[in-house]
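Following: one structure in structure tokens, then a few remarks.
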Amino acid sequence: AKNRDFLYHALTSYGYTCVKPIGAFYMFPQVPELDDYAFCERAKQLDLLVVPGTDFGAPGHIRISYCVQTETIERALPLFEQLTR
């Protein structure tokens, strides 16, 4: 719950639209561009690995797992913010 809340509040403060998960360990924020594959490629250039939502029936979104150490999320947040520009 700690990682979920931390990631959710950060992403939504950066402008991402996302439904707050209840029981899962991943979330599907909408990306700031139409092509979720292109967004994932841009993220990969920053060493940030996310999965296109299209692969899970959610085009225009990405899948982010938050079952990691909190420090991993802390390091990723500036990259998510950078990807909104």
Side-chain angles (χ1 to χ4, degrees):
K2 176 184 172 184
N3 282 354
R4 177 200 62 207
D5 293 344
F6 183 44
L7 182 60
Y8 174 81
H9 291 297
L11 291 178
T12 55
S13 76
Y14 302 152
Y16 291 89
T17 301
C18 184
V19 173
K20 188 175 183 180
I22 296 173
F25 56 87
Y26 49 85
M27 61 181 66
F28 284 92
Q30 186 173 5
V31 294
E33 58 191 72
L34 295 176
D35 186 344
D36 49 324
Y37 284 98
F39 182 90
C40 290
E41 286 301 316
R42 289 193 316 118
K44 193 185 308 182
Q45 297 301 315
L46 301 174
D47 291 326
L48 181 65
L49 297 178
V50 291
V51 180
T54 297
D55 294 345
F56 296 92
H61 295 74
I62 55 172
R63 182 178 186 223
I64 304 171
S65 175
Y66 54 84
C67 62
V68 296
Q69 293 183 349
T70 303
E71 295 78 22
T72 302
I73 295 171
E74 289 172 345
R75 286 193 311 271
L77 291 179
L79 303 176
F80 280 111
E81 185 175 26
Q82 183 177 341
L83 287 165
T84 63
R85 299 183 194 131

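- Looking only at side-chain heavy atoms (C-beta outward), H9 and K20 come within less than 4.5 Å of each other.
- Between atom CG of residue D55 and atom SG of residue C40 there is a gap of 8.0 Å, rounded to the nearest 0.5 Å.
- Here the closest non-hydrogen pair linking R85 and R42 is O-NH1, 4.3 Å.
- In this structure, L77 and Y14 have side chains that are in contact, with non-hydrogen atoms separated by less than 4.5 Å.
- A donor-acceptor pair is defined here as one N or O able to donate and one able to accept, closer than 3.5 Å; such a pair exists between the side chain of Y16 and the backbone of F80.
- Following chains of ILVMFWY side-chain contacts shorter than 4.5 Å, one cannot reach V19 starting from Y66, and the two form parts of different hydrophobic clusters.
- Side-chain contact between F6 and E74 is present, with heavy atoms from C-beta onward closer than 4.5 Å.
- Partners of Y37 under the ring pair (Phe, Tyr, Trp, His ring centres under 6.0 Å) rule, at least two apart in sequence or in another chain, do not exist in this structure.
- We find the CG-NZ distance between L7 and K2 to be 13.5 Å, quoted to the nearest 0.5 Å.
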Check the pair L48 / L83 against side-chain contact (heavy atoms from CB on, under 4.5 Å), numbers first and verdict last.
CA-CA 10 Å; L48 181 65; L83 287 165; 3.8 Å; yes

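- Heavy-atom contacts from other residues, nucleotides or ligands closer than 6.0 Å to CD of Q69 number 12 or fewer.
- Within the 4.5 Å cutoff, side-chain heavy atoms of L49 are placed close to those of K44.
- Under the 3.5 Å distance criterion, the side-chain polar atoms of Y8 are left unmatched by any main-chain donor or acceptor of P21.
- Rounding to the nearest 0.5 Å gives a distance of 8.5 Å between OG1 of T84 and CZ of F39.
- At least one side-chain heavy atom of P29 sits under 4.5 Å from a side-chain heavy atom of L11.
- Contact annotation: the side chain of V51 never approaches that of D36 to less than 4.5 Å [non-hydrogen atoms, C-beta and beyond].
- With hydrogens and angles disregarded, no donor-acceptor distance shorter than 3.5 Å links the side chain of R63 to the backbone of Y26.
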